[in-house]
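Just so you know, these numbers come straight off a predicted model, no measurement behind them. Every chain is numbered from 1 and lettered A, B, ... according to where its sequence line falls, protein lines coming before strand lines.
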Amino acid sequence: MVATTRFDLELTMDSGQTPTFTWMKIGSQHYKKIGGGHEIRLGENKELQPSKGFEKQSREMLRLDDDLQGIYKKISRGNKVLQSAVAEYSGLRLTKSDAWETTVCFLVSQNNNIARIKKIVSGLHGKTGIFSPLEILEADLTPLKLGYREEYLKKTAELICENGFSLPKISKLGLIDAREALMELPGVGPKVADCILLYGFGKTNAFPTDVWVKKAMQEYYGIKSEKQIQEFAESTWGENAGFAQQLLFLKARKEL
DNA sequence: CCCCAGGCACAGC
DNA sequence: GCTGTGCATGGG
């Protein structure tokens, strides 16, 4: 496949993006889709080796058409924080997964830790992959101990199945309109919406702000309020804000 | 017992 | 509009 320099599959797949919750680690550079059968690994020369029939999807998921070097160079110019982050995480790629899958993952993610999110999302898979909205409606989810998030998931599935709520339609909207539309879903606030926009729709101008990114923005840039954070990200990084966010998330979790 | 985790809904200003 | 509080669950 594509010869990509400085591509770290493990770093990418374990970086808290959607694949962290929907792929199983087989080896450090070898992953398998939960309930799906697709596999992906990185060879000796950093060449991507997707299993048969997954070639095209893997390109999309790992966003291989991004000029990552160029983007990282651009967003770190004159920015010491991102310079150090890029130096440390140069093998990190942004990912793009299925919108529904991403919605499920980040509905579950709220006020929760990554290990438990993984466990729960894994339990939300059937033989063919993650539960469809209909399967969510019909399943008994109580053994998964979702807590108050179970109702969010059920009601979201219901809106999609019975009330014509359409994720594909929302994906066609601009950032602001799409964000507002997603927030009509129960359990979807600004942060979860931004994760769906970035990791599920591929809108790279989205800037999800969780507790870690919030810490990063305060510590590195002296910015506190949600509104200021969004404005800063938009004016500083624009269409590449999502890339900056992923770097800041990793940096904050390590340092702060 | 406490606090925290890739937050949100809701109430009260 | 912004700010505080309760929330299921599990881990440290």
### Query
How are the rings of A:F232 and A:W237 set to each other: parallel, tilted or perpendicular (split at 30° and 60°)?
perpendicular
### Message
Students often get this wrong, so: under 4.0 angstrom with heavy atoms, is A:T18 touching a base, only sugar-phosphate, or nothing?
### Response
nothing
### Task
Using atom NZ of A:K119 as one end and atom C1' of C:dG10 as the other, report the distance to the nearest whole Å.
8 Å
### Query
Which part of the nucleic acid, if any, lies within reach of A:Y152 when heavy atoms closer than 4.0 Å are counted: base, sugar-phosphate only, or nothing?
sugar-phosphate
### Cation-aromatic face contact A:R41/A:Y31, 6.0 Å, 45 degrees
no
### Query
A:P186 near the nucleic acid: base, sugar-phosphate alone, or nothing, with a heavy-atom cut-off under 4.0 Å?
sugar-phosphate
### Query
Could you give all pairs that pass the side-chain hydrogen bond (donor to acceptor under 3.5 Å, both in side chains) test and reach residues 157-185 of chain A, with sequence neighbours left out?
A:R179-A:D194
### Task
Quick one: label A:I120 by what it contacts on the DNA or RNA (base, sugar-phosphate, nothing), any heavy atom closer than 4.0 Å.
nothing
### Message
So for A:Y148 and B:dG7, does any side-chain atom that can act as donor or acceptor lie under 3.5 Å from a complementary atom in the base?
### Response
yes
### Message
Distance check needed: B:dC8 P versus A:D194 CG, whole Å only.
### Response
9 Å
### Task
Could you check whether A:F21 gets within reach of a base, just the sugar-phosphate, or nothing at all, counting any heavy atom under 4.0 Å?
nothing
### Query
What integer distance in Å separates A:N111:CG from C:dG6:P?
14 Å
### Query
Considering only the P atoms, how many Å lie between C:dA8 and B:dA11, rounded to the nearest integer?
15 Å
### Passing candidate, side-chain hydrogen bond (donor to acceptor under 3.5 Å, both in side chains) with A:T18, options A:T103, A:T95, A:T102
A:T102
### Query
Stacking here means centres under 5.5 Å and planes under 30°; does A:W212 stack on B:dG6?
no
### Query
B:dG6 C1' sits how many Å from A:Q245 CD, rounded?
8 Å
### Selection from B:dG6, C:dT9, B:dG7 that lies nearest to any side-chain heavy atom of A:R116
C:dT9
### Query
Expressed in whole Å, how much space separates the C1' atoms belonging to B:dA9 and C:dG10?
22 Å
### Query
A:K214 near the nucleic acid: base, sugar-phosphate alone, or nothing, with a heavy-atom cut-off under 4.0 Å?
nothing
#### Entry: Nearest-Å distance for atom pair CG/C1', residues A:L153 and B:dC8
15 Å
### Message
I need the CZ-P distance between A:R253 and B:dA5, as an integer number of Å.
### Response
11 Å
### Query
Of the candidate nucleotides B:dG6, B:dA9, B:dG7, which contains the atom at the shortest distance from the side chain of A:V192?
B:dG7
Distance-only donor-acceptor pairs under 3.5 Å for side chains of residues 240-248 of chain A, two or more places apart:
unit_1 : atom_1 : unit_2 : atom_2 : d
A:Q245 : NE2    : A:Y199 : OH     : 3.2
A:Q246 : OE1    : A:Y199 : OH     : 2.5
A:Q246 : NE2    : A:S15  : O      : 2.9

## Note on the structure
Result for 5'-nearest mapping on DNA chain B, choosing between A:S15 and A:M183, is A:S15
### Summary
Result for 5'-nearest mapping on DNA chain B, choosing between A:P190 and A:N113, is A:N113
### Query
What is the distance, rounded to the nearest whole Å, between atom NZ of A:K191 and atom P of B:dA5?
12 Å
### Summary
Taken to the nearest whole Å, CG/A:L198 to C1'/B:dG6 is 12 Å
### Summary
Smallest heavy-atom separation, A:L197 atom then A:A206 atom, equals CB-CB, 3.9 Å
### Query
So, A:K251 and A:E219, do they make that salt bridge, N to O below 4.0 Å?
no
### Message
Check this for me: does any side-chain nitrogen of one of A:E150 and A:K145 sit under 4.0 Å from a carboxylate oxygen of the other?
### Response
no
### Query
Got A:R149 and A:N112 here, is their nearest side-chain heavy-atom distance under 4.5 Å?
yes
### Query
NA contact type, A:K145, heavy-atom cut-off 4.0 Å: base, sugar-phosphate, or nothing?
sugar-phosphate
### Message
Contact list please: residues 218-237 of chain A against DNA chain B, heavy atoms, distance less than 4.0 Å, in numerical order.
### Response
none
### Task
Please measure how far the P atom in B:dC1 lies from the corresponding atom in C:dG6, and state the result in whole Å.
16 Å
### Message
Roughly how many Å apart are B:dG6 and C:dG4, using the P atom of each and rounding to a whole number?
### Response
23 Å
### Query
With a non-hydrogen cut-off below 4.0 angstrom, is A:G16 in contact with a base, only sugar-phosphate, or nothing?
base
